[in-house]
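Hydrogens, waters and symmetry mates are skipped; everything else that's a heavy atom, side chains included, is used. Throughout, protein chains are lettered first and strands after them, A, B, ... in sequence-line order, and every chain is numbered starting at 1.
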There are 2 protein chains.
Amino acid sequence: MSAETAGGVAPVLKALADPVRLRLLSLIASHADGEACVCDLNDAFDLSQPTISHHLKVLHEAGLVDRSKRGVWVYYAARRDVLADLCALLGSVAR
Amino acid sequence: MSAETAGGVAPVLKALADPVRLRLLSLIASHADGEACVCDLNDAFDLSQPTISHHLKVLHEAGLVDRSKRGVWVYYAARRDVLADLCALLGSVAR
DNA sequence: CCATGGCATCGACATCTGTCAATATAGACG
DNA sequence: CGTCTATATTGACAGATGTCGATGCCATGG
């Protein structure tokens, strides 16, 4: 793997490398339509609302979730393609 | 994904979430027999020998590489199965 | 127009992380 | 034994990270 590739992939892995963010992404992806409202996500954790907001921002900035505001609510949607690309890259290292 | 699963996978992802360690693992895995001597790895980076040793330790403690000493040299071998399991888990989230 | 509720941002704090120079350890070979 | 040579450990330091309370922003409803 080139240094450039590694430098590009590492931030995405870093965004995933947290138990809270892993569960957040999993929760979002397992929702119907692959998107979830922040209000639902807040209730799933014993963490403050700003902390969840922070983790969602990290996932978003890594390109792992899309963000869309509809009325008062904000929905985050999982980027399955990004996850699949990452998976393919790891698979190529394993093989 | 359960909190326990997330808590178990996150440390492995954290070990992977560094450009140097990604390239290290990739280098090790791409070697014949899937293992590489530390002396080869040191030369591939513009980093001090202790720093490389530190990163290898992180990879080893995460279970991503095996360590075997043969004479004066130490060889690290990629755990392809662990990488494959991780890949499968990410794939299940994406799907 | 003001109050409320959902979400983001800020500031602060303790902890963790990546890096290096210095030093230790441990085989191999005179 | 003494001295290389290869690798690991230690100590130190700057910068990043996860968390919270307080606060700000923005739609919606009275």
Side-chain angles (χ1 to χ4, degrees), chain A residues 1 3 6-28 31 35-78, chain B residues 1 3 6-28 31 35-78:
Chain A
M1 182 182 319
V9 175
V12 181
L13 283 168
K14 202 172 267 186
L16 271 180
D18 180 279
V20 174
R21 290 196 290 269
L22 265 181
R23 287 176 61 201
L24 275 172
L25 186 63
S26 169
L27 267 177
I28 294 171
H31 263 60
E35 67 175 11
C37 174
V38 176
C39 52
D40 297 328
L41 301 173
N42 274 326
D43 297 344
F45 295 85
D46 250 5
L47 293 170
S48 70
Q49 175 265 321
T51 297
I52 299 296
S53 188
H54 162 70
H55 284 305
L56 287 170
K57 184 181 185 180
V58 172
L59 286 173
H60 182 240
E61 286 177 341
L64 284 164
V65 297
D66 281 334
R67 185 179 181 278
S68 68
K69 195 169 188 174
R70 290 210 288 276
V72 188
W73 297 279
V74 174
Y75 291 81
Y76 284 90
Chain B
M1 182 182 319
V9 175
V12 181
L13 283 168
K14 203 172 266 187
L16 272 180
D18 179 280
V20 174
R21 291 196 288 269
L22 265 181
R23 287 176 61 200
L24 275 172
L25 186 63
S26 169
L27 267 177
I28 294 171
H31 262 61
E35 68 174 12
C37 174
V38 176
C39 53
D40 296 330
L41 301 173
N42 274 325
D43 297 344
F45 295 84
D46 250 5
L47 293 169
S48 70
Q49 174 264 322
T51 296
I52 299 297
S53 187
H54 163 71
H55 285 305
L56 287 170
K57 184 180 184 179
V58 172
L59 286 174
H60 181 240
E61 286 176 342
L64 284 164
V65 297
D66 282 334
R67 186 180 181 278
S68 68
K69 197 168 187 175
R70 290 208 290 277
V72 187
W73 296 278
V74 174
Y75 291 81
Y76 284 89

To the nearest 0.5 Å, how far apart are CG in A:Asn42 and CG in A:Leu47?
9.5 Å
How many whole angstroms separate atom CZ of B:Arg70 from atom C1' of C:dA26?
17 Å
N/O contacts under 3.5 Å, protein versus nucleotides 11-14 of chain C?
none

Given that A:Gly71 and A:Ser48 both sit by DNA chain D, which one's nearest nucleotide is further toward the 5' end?
A:Ser48
C:dC20 phosphate, OP1 or OP2: any side-chain N/O from B:Thr51 under 4.0 angstrom?
yes
Less than 4.0 angstrom between a side-chain N/O of B:Lys69 and OP1 or OP2 of C:dA26, yes or no?
no
Would you say B:His55 reaches C:dT19's phosphate, i.e. side-chain N/O to OP1/OP2 under 4.0 Å?
yes
Looking only at non-hydrogen atoms, find the nearest pair between A:Ser68 and A:Arg70 and report the distance.
OG-NH1, 3.5 Å
Give the C-alpha distance, both sets of side-chain angles, the deciding distance and a yes or no for side chain to side chain contact (heavy atoms under 4.5 Å, CB included) between B:Leu56 and B:Val74.
CA-CA 11 Å; B:Leu56 287 170; B:Val74 174; over 6 Å; no
Atom-pair distance (CG on A:Leu59; C1' on D:dG18), nearest Å:
14 Å
So, using side chain to side chain contact (heavy atoms under 4.5 Å, CB included) as the criterion, who are the partners of B:Glu61 when residues are at least two apart?
B:Lys57
Reading DNA chain D from 5' onward, which residue's closest nucleotide shows up sooner: A:Leu47 or B:Ile52?
B:Ile52
Sorted by chain and number, sequence neighbours left out, side chain to side chain contact (heavy atoms under 4.5 Å, CB included) with B:Ala62 holds for B:Ala15, B:Leu64
Rounded distance [0.5 Å steps], CD1 in B:Ile52 versus SG in B:Cys39
12.5 Å
Within residues 11-19 of chain A, residues whose heavy atoms come under 4.0 Å of DNA chain D:
A:Lys14, A:Asp18
Any B:Arg21 side-chain N or O less than 4.0 Å from OP1/OP2 of C:dG18:
yes
Please enumerate all protein N or O atoms sitting under 3.5 Å from an N or O of nucleotides 1-7 of chain D, with distances to 0.1 Å.
{"from": "D:dT7", "atom 1": "OP1", "to": "B:Val74", "atom 2": "N", "distance (Å)": "3.3"}
{"from": "D:dT7", "atom 1": "OP2", "to": "B:Cys39", "atom 2": "N", "distance (Å)": "3.1"}

Between C:dC7 (P) and A:Leu41 (CG): distance, integer Å
9 Å
Atom-pair distance (NZ on A:Lys57; P on D:dG18), nearest Å:
13 Å
Looking at residues at least two apart in the chain, or sitting in another chain, which of them share a side chain to side chain contact (heavy atoms under 4.5 Å, CB included) with A:His55?
A:Asp18, A:Val20, A:Arg21, A:Leu24, A:Thr51
Which atom names give the shortest non-hydrogen contact between B:Leu13 and A:Ala17, and what distance separates them?
C-CB, 3.6 Å
Length of the CZ-P vector between A:Phe45 and D:dG18, whole Å
14 Å
Rounded to the nearest angstrom, tell me the gap between atom NE2 in B:His54 and atom C1' in D:dA12.
14 Å
Separation between CG of A:Leu16 and OG of A:Ser26, rounded to the nearest 0.5 Å:
11.0 Å
Name the one of A:Leu59, A:Leu25, A:Ile28, A:Asp66 that satisfies side-chain contact (heavy atoms from CB on, under 4.5 Å) with A:Tyr76?
A:Ile28
For the side chain of A:Pro50, starting at C-beta, report the closest nucleotide among C:dT19, D:dA22, C:dA21.
D:dA22
